[in-house]
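Following: one structure in structure tokens, then a few remarks.
All values derive from a computational prediction rather than experimental measurement. Proteins come first, then strands; the chains are lettered A, B, ... in the order of their sequence lines, and each starts at number 1.
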Number of protein chains: 2
Amino acid sequence: MERQTKQRHAIEAAIREGGRPLLPAELVTLAQETVPGINIATVYRCVKALAEEGVIRAVELPGEPARYERADLHHHHHFRCDECERVFDVPGCRGGVESNVPDGFSVRAHEVVLFGRCAECERPSRKRTRSATTARRSSR
Amino acid sequence: MERQTKQRHAIEAAIREGGRPLLPAELVTLAQETVPGINIATVYRCVKALAEEGVIRAVELPGEPARYERADLHHHHHFRCDECERVFDVPGCRGGVESNVPDGFSVRAHEVVLFGRCAECERPSRKRTRSATTARRSSR
DNA sequence: ATAGGTGCAAACAGTTTGCATGTAT
DNA sequence: ATACATGCAAACTGTTTGCACCTAT
């Protein structure tokens, strides 16, 4: 069983209170407010352990590093804004996605990711630019 | 406009005749049958150019490197086998996936990925193991 | 002839790991 | 006390880039 360390608490807290899936890099930044010296390797190790315990869950979007969110959320999908690159939760799931699989295939799970512009970025007046934490990734 | 080189032809041919989305590493292997000395950097450069021309398309699955397939296919989704790790095309799209987005959000595109076991791996008798080209990745 | 493509090696980003040290139990 | 977590640096994987050379035009 796992030890209660301040690093681990800081990471858990960041994910629990994040409100949206967070990147490992964002987690270091957030956790450093509580544990200044925290290392990225620790974040990766904790995040892996927490995911195996079922406390958090990896949100893996096509072509991007995994983000992490709390696992106690109902089944939902994700929306990635083309502009600010943030990822949002999209509640619910209409089902029916699993039809059309070829004969003999069995479906265990599915992932749906929507791409577009979020409400803030859609509205020209109150335009929001990429946050500092995600701007680095835009060079891709 | 682009030059016709044997490297480029080999890569285009591999994707055109692949029948399923292929990884850059698989493309080097395939293209080497025609152009022995072909380099991975060339594959990445060609693949990027071909994608920009609209000849091929990137298929990006959550948590995995991009695969590439010909662009002249109708809209479809993908199925990844847990066992053999191959990716298959799933024809059609029932729609309705875009509902539930929060107010003010506009959807530009969507991706659906199904996970499970393909027909071959589902059938115990004719079990298929991971191919040599994908086995490396299983350590993840 | 020359613009553009290729191979090679080095650079990068994200992630993982070995090891000595620190700390929760 | 000691087993496990952390920090640091090094290793690793996938991808990109600088540069000298090669080749389709």
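If you take CZ of B/R67 and C1' of D/dG14, they are 13 Å apart, rounded to a whole angstrom. When the P atom of C/dG14 is taken as reference, atom CD1 of A/I40 falls 9 Å away, rounded to whole Å. Taking atom CD of A/E64 as the reference point, atom C1' of D/dG14 lies 16 Å away to the nearest angstrom. Following rounding to the nearest Å, B/L50 (CG) and C/dG5 (C1') show an atom-to-atom distance of 13 Å. In this structure, CZ of A/R8 is placed 10 Å from C1' of D/dA5, rounded to the nearest angstrom. One can place NE2 of A/H9 at 15 Å from C1' of D/dT6, the figure rounded to the nearest angstrom. Rounded to an integer number of Å, the gap from A/L27 CG to D/dT6 P is 14 Å.
Taking the charged nitrogens against the carboxylate oxygens, B/R70 and B/E17 have no contact shorter than 4.0 Å, which rules out a salt bridge. Using a 4.0 Å cut-off between charged nitrogen and carboxylate oxygen, A/R8 and A/E53 count as a salt-bridge pair.
Qualifying side chain to side chain donor-acceptor pair (under 3.5 Å) partners for A/R16, counting only residues two or more places apart in sequence or in other chains: none. Residues that satisfy the ring-ring contact (aromatic ring centres under 6.0 Å, His included) test with A/H74, not counting sequence neighbours, are A/H76.
Under 3.5 Å, the side chains of A/S106 and B/E122 contain a donor-acceptor pair of N or O atoms.
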Atom pairs under 3.5 Å, N or O on each side, protein against nucleotides 17-24 of chain D: can you list them with distances?
unit_1, atom_1, unit_2, atom_2, d
D/dG18, O6, B/R45, NH1, 3.2
D/dT23, O2, B/R3, NH1, 2.9

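Within the 4.5 Å cutoff, side-chain heavy atoms of B/V87 are placed close to those of B/R67.
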